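First comes the structure, then the notes that go with it.
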Amino acid sequence: MENFIKEPTPEEAKKLIESINKEESICIKIPYNVDAILAASLIIKYMENPSALSFSSSNCQLEFSEKEEGKFVRFKNTEVFIGNSSFSSLVPITTEDILPILTGISSSVVLERRNFSDWELSIMKNSENLGITIEKNLKIPSYHDAPIFLSLAESFDPYIPTVTGSRENAIALINEIGIDELSKLTELNEGALNTLIFKIVSLIMKINPKVTRDDIITDRVFYLNYDSLELAFSFIYFLDTIGSKILVDFALNQSIAGILINKFREIIGKGFSIGQVTEDKKFFIVDSNLKSPTLLQLILLQTQKVRKDKPIVIKDGNKLLTSRYFINTEEEGLIEVEGRD
Amino acid sequence: MENFIKEPTPEEAKKLIESINKEESICIKIPYNVDAILAASLIIKYMENPSALSFSSSNCQLEFSEKEEGKFVRFKNTEVFIGNSSFSSLVPITTEDILPILTGISSSVVLERRNFSDWELSIMKNSENLGITIEKNLKIPSYHDAPIFLSLAESFDPYIPTVTGSRENAIALINEIGIDELSKLTELNEGALNTLIFKIVSLIMKINPKVTRDDIITDRVFYLNYDSLELAFSFIYFLDTIGSKILVDFALNQSIAGILINKFREIIGKGFSIGQVTEDKKFFIVDSNLKSPTLLQLILLQTQKVRKDKPIVIKDGNKLLTSRYFINTEEEGLIEVEGRD
Amino acid sequence: MLDEILNREISSETPEEISLSEIQKISQTLAKIRISYDDEIHKNEIKVYEELAESLFEVRLSKYLEDNYKGKGFDEFVFNILDKIKELYISLLSGNLIFNDGKILCKVMKDTIIENIELKKGDLIFLDLQKALALWTAEYITPCKIVS
Amino acid sequence: MLDEILNREISSETPEEISLSEIQKISQTLAKIRISYDDEIHKNEIKVYEELAESLFEVRLSKYLEDNYKGKGFDEFVFNILDKIKELYISLLSGNLIFNDGKILCKVMKDTIIENIELKKGDLIFLDLQKALALWTAEYITPCKIVS
Amino acid sequence: MFKVLLRALDKLQLTEKKKVAVFDDIGPLDLGFTEISLSKGSEDEIPLWLAQHLEKQNLVKINSITTEELGKLLFQEKQNSTTPASLVKTYPDIYFRIKKLEEELKAKGLDGLEELKKVKSMVNEISLIRLRKIIQLASLNINDQTLISKMTKEEYLAYLSMRKIITSFYGGVIGSSAN
Amino acid sequence: MFKVLLRALDKLQLTEKKKVAVFDDIGPLDLGFTEISLSKGSEDEIPLWLAQHLEKQNLVKINSITTEELGKLLFQEKQNSTTPASLVKTYPDIYFRIKKLEEELKAKGLDGLEELKKVKSMVNEISLIRLRKIIQLASLNINDQTLISKMTKEEYLAYLSMRKIITSFYGGVIGSSAN
């Protein structure tokens, strides 16, 4: 059996993409997620003629697809298997496109709850001269840049029960260790850091008894003061709430990243709660004021309250809201759906 | 073998056409000729939504087609064989559409060099109350309405050598018999009429030794002072020189018939000549100042200088001109083509 | 006739309602002249009516421009399109469109073929401004706005 | 900035040439404001620029209307379309189109799908005036003229 | 807007009926909306565009104005040149007739030169006086029907356009509907 | 065209800088093209749209004009009210300042009523005299830069528009470029 599983060859896929004539009018068929939309937008960015992103056309020359065995890239009649690696990792890295590429890679890693693939790590390492830095450290967002409490409140994966989404509890936690509210993680001494990690692990243990310190220390990728993890969370959020256009805009003009991260911090900084989760025939219905069904799924998968095979909808008063990430529709932003028992 | 040839059932085709919902957006695929264009235009005329005439789409619900064994009408999945009968004979006759219908029927009869089918005769007879008259008489156009010399000059089928296309020779011919230049055929006494017919037959004999008086006496169909034969010649001419739009216009608004017949008489009245006919790999090349390759084909088939399987082009100085009737193109009016030996 | 319509139009502050059937009647007569005659007098006549038509267009456009009056009747489509042009113009200049190399991001509203690309409802395509406006008017796409 | 462009425009008899790159620069700054802020001050600011954009449109349209001056640069497409509207308007009123029930006969210029009908180059379709104008501008069809 | 409307008036004039002297039998001409037949030696009214076409072929002659009539008009206008209300009623198509007269004189070549000069100077004076009177009327917001009926269409258009400027100015700038 | 241009001037005014008295520390405000900080107690110039926004919140006050200044202007205009060339140079945004003054007086309610009435009547007189002078200038085709520099933008626009009507009239109707 194992013989039939092809070896992933992302380097071949990269060559295939580079072979596309810039003068063509191209259509790229992609699944609806941050990674695929960013990768395709970056390719289209350099096409000279009108080009399109399609989510359902059957006639595109270039296609990104996700199947059970992994991801595929097809151009005309050539199909290449790329395994786990993100589509964005196939796009040539330039200073101008570095943020959307890192966002694409990181969002794929986050949503698939995996580590960076060897290919992804290698292409990022090869770009250290452009300013990318990789370090092994705690898997909470923007610890170089934001105060610890914000990093903790923004930690969607690992989900830290009581702390994720709660500015007050996050501040209480660091106060407990005797750290100043506005400190950054990088400013902690080793003792304080260890205490903090111990506290985090203890909290996570409530939902995952097997968790260890090593599980929350991973490869962490930065560019200037942008953390790829926070970029991923932010754009997952904005794909849900605004739609694909904001990702296309970001791919064209990476300078909007700062603005959007600030917006994201402002929104998450206000805190959110997750209430009851119920299941009907079509959906998992979540009572929450966090307006991103995808981020909710990410959390609820960790608390094992949902399965990946059913869309998440948010209960907002009488309305049920979800996003195009979960259902086949041409509407974008939060979409009202009909629930049924 | 004969068992496999279906019986034509135009009445079924007529019912099929009548069953089309007027509120649909319909597309009718048709061959490029006077009959099909008029029939399709008359159907579209009464559709409420945007509707189209297509000459090559593969996706039309309604299709008129001509095959070796005869004509077919298909609506969605139902196909009906109509034999020789024209497509226009399937359209419901109303006072408003009578001229385009007669033109369609007659042009089909003229170009296929056949007699009216039983079906065509029956539907025309059934419309005598609307003002259609049918009589057995000489097959030259508009003998009720135009002076004999003009009728003779306009006689494309039968082609009367030296007389068709020549005002002077036509006048000379009737002068010979001692008839006044401006007389109409209907004003002749029997003696003069017989002499005229004798003279015509003698002339035709030069190209067709077997011709008899009976060959040039046929069913002649009129509406008011419009002769369906002259209508057919006129619109065959204008399809060549202007294109399908003039037929669509005629179908929408039959009152332009008078204007166009006057124009046609004016043009043909000036006379035309047919010079050398040569054949190359793709075309029969005709040296003529008659600007209608289709009417030229009609004449040259009678003189046996051309075969039906090869397009006719007109030599006009250095240019070779033909029409969409003969070649697959989206241009209309006289079209320049490249000749090769 | 056209001269009467134009006279009415220049004498009134607001645009007159001109029905399509009135226009079709005039149009039919002039179409007959176009088909029937090819001489200098009739060419002259047609030219005069073409100029009256142009003036009617200009006068009605002026009213739209000066007081945002939209003509009703046969030429409503003109003012629909002008409203769309204006909206696109404003979005364009006030930073509400997503630009790439002179082309703007548009969302496909119905299955169609654009630039030889088969597209489905909900797809995205970059189009130059003229094509975007045209296909927006034809309801094939809508320009993506940053703030809607 | 937009106020300078508008000032230049109202001070000159003929339309100024305004490059797309100049507009894109302004547009980018305003787009950032749109993305960044949602408060009253910035809403006010955007509104002011939207109004300047509208005025610029109106002033340039006036010049087209009064003296047939066509703006060059980023908004050339506007004047291309206006020329097409005018041409259609004149054809319509002077009997040069083929009408059926408010729809005009058009010839298809490239393979496409219109009103769910798959069409090939050279086919014919009746379209309402707005759609005909839009698809003509997008170069999918041309209206059939009686005299071309 | 003034330019657009002026252009429209100019185009409309082409369809207005003008009196012509007919030099030959003409027609019947099918003009679509009407049929026209003219008999040699008669006077008739036909649309200007057709009259101009026929005049080029020397088949008709369009009426103009005489230098004497012009002189009389100038005299009348001059009598109260600073009193706006003294505008003199004349042909509604006076400016067209003047252009016609000028063309006729030009066509005479050297023979017409003297008279042409005289006409031009009179026309300048007449139009200057009339337009000043009209501007005065507009600025004083005098809306008297008898006075308006003395204006030609073009003059009335100029009058209206000035009124509009003044009204918009008060409305937009002062924010008052007064004047 | 006049209406369109007048509207454009009106919109443009929103981006023009106006002097304001600042009542509180404000900013820094990121306006995209510029950043603005205002210190309490200072006088500063900021775009009108922003000034209006801040004034609503009582954070700044936009300068207007006093009734006395208005009275002085009226007196000057009246001295030679029939001499076009006597147009008085005043604030380029005098009409804006007047509207502002009227608003301020309206805000005072009954207390301001007397003064408001007076202001309104003065404004009507001032604008009437100024516009008549401008119309005179336009009809006489006086194109003197010193005079033009005394007009406000709106007045100059009115002047230009009238000139255009007169020029088009001569060009189109008389077929001469004279005046």
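What you see is a predicted model, and the numbers here were worked out from it, not measured in a lab. We name chains A, B, ... by the order of the sequence lines, and we start the count at 1 in each one. Side chains are part of it too, since the values below use all heavy atoms of this structure and drop only hydrogens, waters and symmetry mates.
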Atom [atom1] of [X]: over 12 foreign heavy atoms under 6.0 Å:
X	atom1	value
Lys22(B)	NZ	yes
Asn21(B)	CG	yes
Asn77(B)	CG	no

TODO: Indicate the atoms forming the closest heavy-atom contact of Ser58(B) with Glu118(D), along with that distance.
DONE: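 So the minimum-distance heavy-atom pair works out to OG-OE1, 4.4 Å.
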TODO: Check Asp123(D) against Ser56(B) and note the closest heavy-atom contact, atom names and distance.
DONE: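 The pair with the smallest heavy-atom distance is OD1-N, 3.8 Å.
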Interatomic spacing from [atom1] in [X] to [atom2] in [Y] - rounded to 0.5 Å:
X	Y	atom1	atom2	result
Leu105(D)	Ser41(B)	CG	OG	8.0 Å
Asn100(D)	Tyr46(B)	CG	OH	8.5 Å
Ile117(D)	Ile28(B)	CD1	CD1	9.5 Å
Ser54(B)	Ile125(D)	OG	CD1	10.0 Å

Chain D contact via [X] - side chain, backbone, both or neither, heavy atoms under 4.5 Å:
X	value
Ile26(B)	backbone
Asn59(B)	side chain
Gln61(B)	neither
Ser51(B)	backbone

Heavy-atom side-chain contact between [X] and [Y] under 4.5 Å:
X	Y	answer
Lys245(B)	Ser148(D)	yes
Leu124(D)	Ser244(B)	yes
Asn253(B)	Phe99(D)	no
Pro50(B)	Ile114(D)	no

TODO: Give the intermediate values and the outcome of side-chain contact (heavy atoms from CB on, under 4.5 Å) for residues Asn116(D) and Ser25(B).
DONE: CA-CA 8 Å; Asn116(D) 295 318; Ser25(B) 246; over 6 Å; no
Task: Candidate list Asn49(B), Leu53(B), Leu252(B), test side-chain contact (heavy atoms from CB on, under 4.5 Å), partner Phe126(D), passing option - done: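 With Phe126(D) as partner, side-chain contact (heavy atoms from CB on, under 4.5 Å) holds for just one option, Leu252(B).
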Task: Under 3.5 Å donor-acceptor, Lys121(D) side chain and Thr329(B) backbone - done: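 Not confirmed, Lys121(D) side chain does not pair with Thr329(B) backbone.
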Task: Structural part of Lys107(D) lying under 4.5 Å from a heavy atom of chain B - done: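 Interface part for Lys107(D): side chain.
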